[in-house]
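Here is the structure we will look at, set down as structure tokens.
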Amino acid sequence: MENLVQIKSKSKPNSNKKSLFIKTFGCQMNMYDSDKLEKILEDAYQTVASAAEADLILVNTCSVRDKPEQKLYSLLGEYRALKKTNPDLLIGVGGCVAQQEGQNIVKRSKDVDFVFGTHNLSMVPGLIELRRNGSKPQVAVDYRDEWEDLPLGLSDKSRISVFVSISRGCNKNCTYCIVPTTRGKEVSRDLNEIIREVKIAVHRGAKEVVLLGQTVNSYGLDLNPRMKFVQLLEQVAAIDGLERIRFTSPHPQEVRQDFYDLVADNPKVCRHIHMPLQSGSDRILRLMNRNYRRQRYLDIIAGLKERVPNIAITTDLIVGFPGETEAEFQDTLDVMRTLEFDSSYSYMFSPRPGTKAELMPESLDAAGKLDRLQRLQALQAEITERRLQSWVGQQVEVLIDGPSSFDGTKMQGRTSQNMIVNLESSYPSLEPGHLVNVQVNSSSKYTLKGLIV
């Protein structure tokens, strides 16, 4: 998914607690892990808005894209001055870079007090205690086959939309992807824990849940007895008070007829599917070890659109994969024109250490990759603008999530298709979590505008 940066922040900290600052890079799974860290530490720490205020800084890293180590050490360099002004400050590094690099991080940076891997969130309080008691810098990057024992629910924040992880790791072994190395093999979470966590979130005000997994629709295949992803969705949908269900990201290889039926027939499942394509070329898909081909992907999307005509489809795309020719790049653009993705996350290929693609000879330099990325993104911008324009004049159901980023006196929300709608007028009684019908009056490059009906 798209590289994101999220800063966990709260208002003025409680004087009885130490202060915590978490900086998160990467995908929704990393955001979820940061939420869990905040929950694990909430008895002793309260989050603050800046690193300068913190007694404890946690950096949750991502290794999906190029040069993640450089980003980490650059950030640690910024935090070095804070240690001079606050000798009690501790710095911990977690996430995928931590899982990869482990001991190397504390060897390279004396500012790091402890390192924890993607399977070791529950060990963070112990690592903090050891370091505060004078132990040497700590490193915990051990794999575990079972699901880690973490507290249910998130920290004491009211949220309209919440992430809930349903599986960890991946068995697909795409040749460009480091996730099987950093997060291990796929392990499904216990159904009862998932249901309890969703119920807790709903009790605290959540109206929407986003179910997370590297290949979310292969959930349950490792359980005994086995369970289908659609069975999990049915049980989540039965929770009273939950209005919407999203999930990311399904893998085309695992799509079956029951998947179409559920998306079409269950009103709580959002009319938005994020289905990674990566390339429109069969040869490149084979080199990527994606386990499906162009026509299979086209058939899946056609099946979804046949059952749900107003569904939004988004995707992931990689340009400049080793050996990709101009004609094969055009194959990707051709699929984009055929399917008209509502939006896409697109990246230049960057070799990740330890992956098979790292050893493949590249045919493009950085400038060539950038040229293809820019052409692809220009096409996507045209398609996205046209797709948004098609909603003008229609009525849509909007889940209000808070003040508009353009005008704080007005509210914004998202449609079932995950499109942002900014309200054109202020509605004093409107609050986050309300579901309203909106007449769409205009569109921009990225959002819609309208009035409550």
For residues 288-306, pull every pair meeting salt bridge (Lys or Arg N to Asp or Glu O under 4.0 Å), keeping only residues two or more places apart or in separate chains.
-> Arg294-Asp334
Pairs involving residues 441-453, ordered by first then second residue, that meet salt bridge (Lys or Arg N to Asp or Glu O under 4.0 Å) (sequence neighbours left out) = none
Short side-chain donor-acceptor distance under 3.5 Å, Gln100 and Thr182 = no
For Pro403, does its backbone N or O pair with a side-chain atom of Lys410 as donor and acceptor, under 3.5 Å?
-> no
Not counting sequence neighbours, list each pair that qualifies as a ring-ring contact (aromatic ring centres under 6.0 Å, His included) and has a residue in residues 278-317.
-> His251-Tyr292
Contacts of Glu362 meeting salt bridge (charged side-chain N to carboxylate O under 4.0 Å, His left out) (sequence neighbours excluded), chain-then-number -> Lys369
Under the ring-ring contact (aromatic ring centres under 6.0 Å, His included) test, which residues partner Phe341, sequence neighbours left out?
-> none
Within the 6.0 Å centroid threshold, strictly below: Tyr345 and His274 = yes
Between Ser281 and Glu328 the two heavy atoms that sit nearest each other are OG-CG, 3.4 Å
Taking atom types as modelled and ignoring hydrogens, do the side chains of Thr24 and Asn30 form a donor-acceptor contact shorter than 3.5 angstrom?
-> no
Among all residues two or more places apart in sequence or in another chain, which pass the side-chain hydrogen bond (donor to acceptor under 3.5 Å, both in side chains) test with Gln330?
-> Glu326
Can you see which heavy atom on Gly433 is nearest to which on Lys207, and at what distance?
-> O-CG, 3.7 Å
Nearest heavy-atom pair of Thr61 and Gly94: which atoms, and what distance?
-> OG1-O, 2.6 Å
Can Lys185 and Asp222 be counted as an ion pair, charged N to O under 4.0 angstrom?
-> no
Ignoring hydrogens and angles, tell me if any N or O in the side chain of Arg352 forms a donor-acceptor pair with the backbone of Val179 under 3.5 Å.
-> no
Do side-chain atoms of Ser167 reach the backbone of Ser188 as a donor and acceptor pair under 3.5 angstrom?
-> no
Grab the two heavy atoms, one from Ile166 and one from Phe229, that are nearest each other, plus how far apart they are.
-> CD1-CE1, 3.9 Å
Are Asp401 and Arg159 close enough, and set up right, to give a salt bridge (charged side-chain N to carboxylate O under 4.0 Å, His left out), and what steps lead you there?
-> CA-CA 9 Å; Asp401 54 28; Arg159 305 171 190 226; over 6 Å; no
Salt bridge check: are Glu197 and Lys36 linked by an N-O gap of less than 4.0 Å?
-> yes
Determine, for Glu208 against Arg246, whether the closest basic-nitrogen to carboxylate-oxygen distance falls under 4.0 angstrom.
-> yes
Determine whether the side chains of Ser34 and Asn60 contain a donor N or O and an acceptor N or O closer than 3.5 Å.
-> yes
Can you tell me if Gln231 uses its side chain to pair, donor with acceptor, with the backbone of Lys228 under 3.5 Å?
-> yes
Taking all heavy atoms of Pro432 and all of Gly402, pick out the closest pair and write down the distance.
-> CG-CA, 4.1 Å
Applying the side chain to side chain contact (heavy atoms under 4.5 Å, CB included) test to Leu399, which of Arg414, His434, Arg244 qualifies?
-> Arg244
Flag the pair Arg283 and Asp331 as a salt bridge only when some basic side-chain nitrogen lies within less than 4.0 angstrom of an acidic carboxylate oxygen.
-> no
Report yes or no: do Glu53 and Ser50 form a side-chain donor-acceptor pair below 3.5 Å?
-> yes
Minimum heavy-atom distance Pro276-Pro252, with the two atoms named = O-CG, 3.8 Å
Hey, could you give me each pair passing ring-ring contact (aromatic ring centres under 6.0 Å, His included) that has a residue in residues 310-330? Not counting sequence neighbours.
-> Phe321-Phe349
With sequence neighbours left out, what residues match Asp342 under salt bridge (charged side-chain N to carboxylate O under 4.0 Å, His left out)?
-> Arg387
Glu186 and Thr215: side-chain donor and acceptor closer than 3.5 Å?
-> yes
Would you mind telling me which of Leu20, Thr47, Val124 makes a side chain to side chain contact (heavy atoms under 4.5 Å, CB included) with Leu37?
-> Val124
Is there side-chain contact between Leu121 and Asp33, with at least one heavy-atom pair below 4.5 Å?
-> yes
What residues, two or more places apart in sequence or in another chain, satisfy salt bridge (charged side-chain N to carboxylate O under 4.0 Å, His left out) together with Lys356?
-> none
Mind checking what makes salt bridge (charged side-chain N to carboxylate O under 4.0 Å, His left out) contact with Glu243, not counting sequence neighbours?
-> none
Salt bridge flag under 4.0 Å for residues Glu340 and Arg386 = yes
Counting distance only, does the side-chain N/O of Arg189 pair as donor-acceptor with the main-chain N or O of Ser165 below 3.5 Å?
-> yes
Please check if any side-chain donor atom of Gln253 sits under 3.5 Å from a side-chain acceptor atom of Lys172, or the reverse.
-> yes
Hey, could you give me each pair passing salt bridge (Lys or Arg N to Asp or Glu O under 4.0 Å) that has a residue in residues 101-111? Not counting sequence neighbours.
-> Arg80-Asp111
If you count the non-hydrogen atoms of other residues, nucleotides and ligands that lie under 6.0 Å from NZ in Lys83, is the total more than 12?
-> yes
With sequence neighbours excluded, tell me which residues meet side-chain hydrogen bond (donor to acceptor under 3.5 Å, both in side chains) with Arg372.
-> Glu324
Kindly check if the number of other-residue, nucleotide or ligand heavy atoms within 6.0 Å of OH (Tyr446) is above 12?
-> no
Check Leu58, Val141, Asp142 against Phe116 for a side chain to side chain contact (heavy atoms under 4.5 Å, CB included) and give me the one that passes.
-> Leu58
